[in-house]
Amino acid sequence: MKHTTLVKTLLSTALGTTALAAQAHTGHGTSSLMEGLVHPFGPDHLLAMVAVGIWSVSALPANKSWQGPATFLLALVASAVLGMMGLTVPYLEHAISLSVVMFGAMLILAARPLPPALGLGLIASAASLHGLAHGAETSETGFAGYALGFLLTTAVLHIGGVGIGLAIKRWLGRRSGLALGSLGAALSAAGVYLFSQLAA
């Protein structure tokens, strides 16, 4: 009974977070540290970054769980610089929404995880999409402060995801696959919704 209650709570939290974030997207100010700190609370970024933390502690060996967040942060910075220099890809915002769907699928499969190199490669690819988008929005004069704020909040969201993942492992043990699958399904559904809003 306790396990079922925890799964329902986690699922409700994931869906609630998606709804709140969708209503409170932070806009596109990119000229200060404060704007960088606040911007990752937009729905696509928030969901992706938390998912990275959850997946990392659920699918990677315990002594390598730091590699997921580290990969995301490094790819985010590198691609943001490229985005600021003018590099972009077609339908970038659509691809970012689909990256949320991808992270949901990764959580669904976390009980039988992808090979670490493949999982980290997918994380780097998704982070690069996010970085290109934000780099393109940032001027050279405001880049340093905005990037620092964005990275700090990203790290905090990764840590939050790690905490959720560890809680699932601790309280559910072998039954953690159900909770991860439920969260993954909710995450993918949120990504599909975000994509549909762009396509509309």
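Keep in mind it's a predicted model, so treat the numbers as computed, not measured.
Between H134 and F150, the ring planes lie tilted relative to each other; the angle falls in the 30° to 60° range. Between H45 and H130, the ring planes are perpendicular. Angles over 60° get that label, and only those under 30° would be called parallel. H94 and Y91 have perpendicular rings, their planes meeting at more than 60° on a 0 to 90° scale where under 30° would count as parallel.
At least one side-chain heavy atom of E93 sits under 4.5 Å from a side-chain heavy atom of D44. The side-chain heavy atoms of L92 and L132, taken from C-beta on, include a pair separated by under 4.5 Å.
In the hydrophobic cluster analysis, where Ile, Leu, Val, Met, Phe, Trp and Tyr join through side-chain heavy atoms closer than 4.5 angstrom, I108 is grouped apart from L60.
Note: R112 CZ to L109 CG = 10.0 Å, rounded to the nearest 0.5 Å. Distance check: L122 CG to T71 OG1 gives 11.0 Å after rounding to the nearest 0.5 Å. Distance check, rounded to the nearest 0.5 Å: CG of L37 to OG1 of T153 gives 4.5 Å. To the nearest 0.5 Å, atom CE of residue M49 and atom CD1 of residue I159 are 13.0 Å apart. Put simply, OG on S58 and CG on L107 are 7.0 Å apart, with the number rounded to the nearest 0.5 Å. Distance check, rounded to the nearest 0.5 Å: CH2 of W66 to NE2 of H158 gives 13.5 Å.
For the pair M106 and G119, the tightest heavy-atom approach, listed with the atom from each and the gap, is CE-O, 3.8 Å. Contact record, G36 with P40: O-CD, 3.0 Å, taken as the closest heavy-atom pair. The two atoms that bring L172 and A179 nearest to each other are CD1-CB, 3.4 Å, heavy atoms only. Minimum heavy-atom separation, A110 to L180: CB-CD1, 3.8 Å. Scanning all heavy atoms of the two residues, the minimum distance from I123 to G68 falls at CG2-O, 3.7 Å. Minimum heavy-atom separation, L47 to A190: CD1-CB, 3.8 Å.
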Tabulate below the donor-acceptor pairs under 3.5 Å that side-chain atoms of residues 77-90 make, not counting sequence neighbours, or state none.
{"from": "S79", "atom 1": "OG", "to": "A75", "atom 2": "O", "distance (Å)": "2.7"}
{"from": "S79", "atom 1": "OG", "to": "L76", "atom 2": "O", "distance (Å)": "3.2"}
{"from": "S79", "atom 1": "OG", "to": "S128", "atom 2": "O", "distance (Å)": "3.3"}

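The side-chain contact (heavy atoms from CB on, under 4.5 Å) test applied to V50 returns L46, I54, L157, I164, not counting sequence neighbours.
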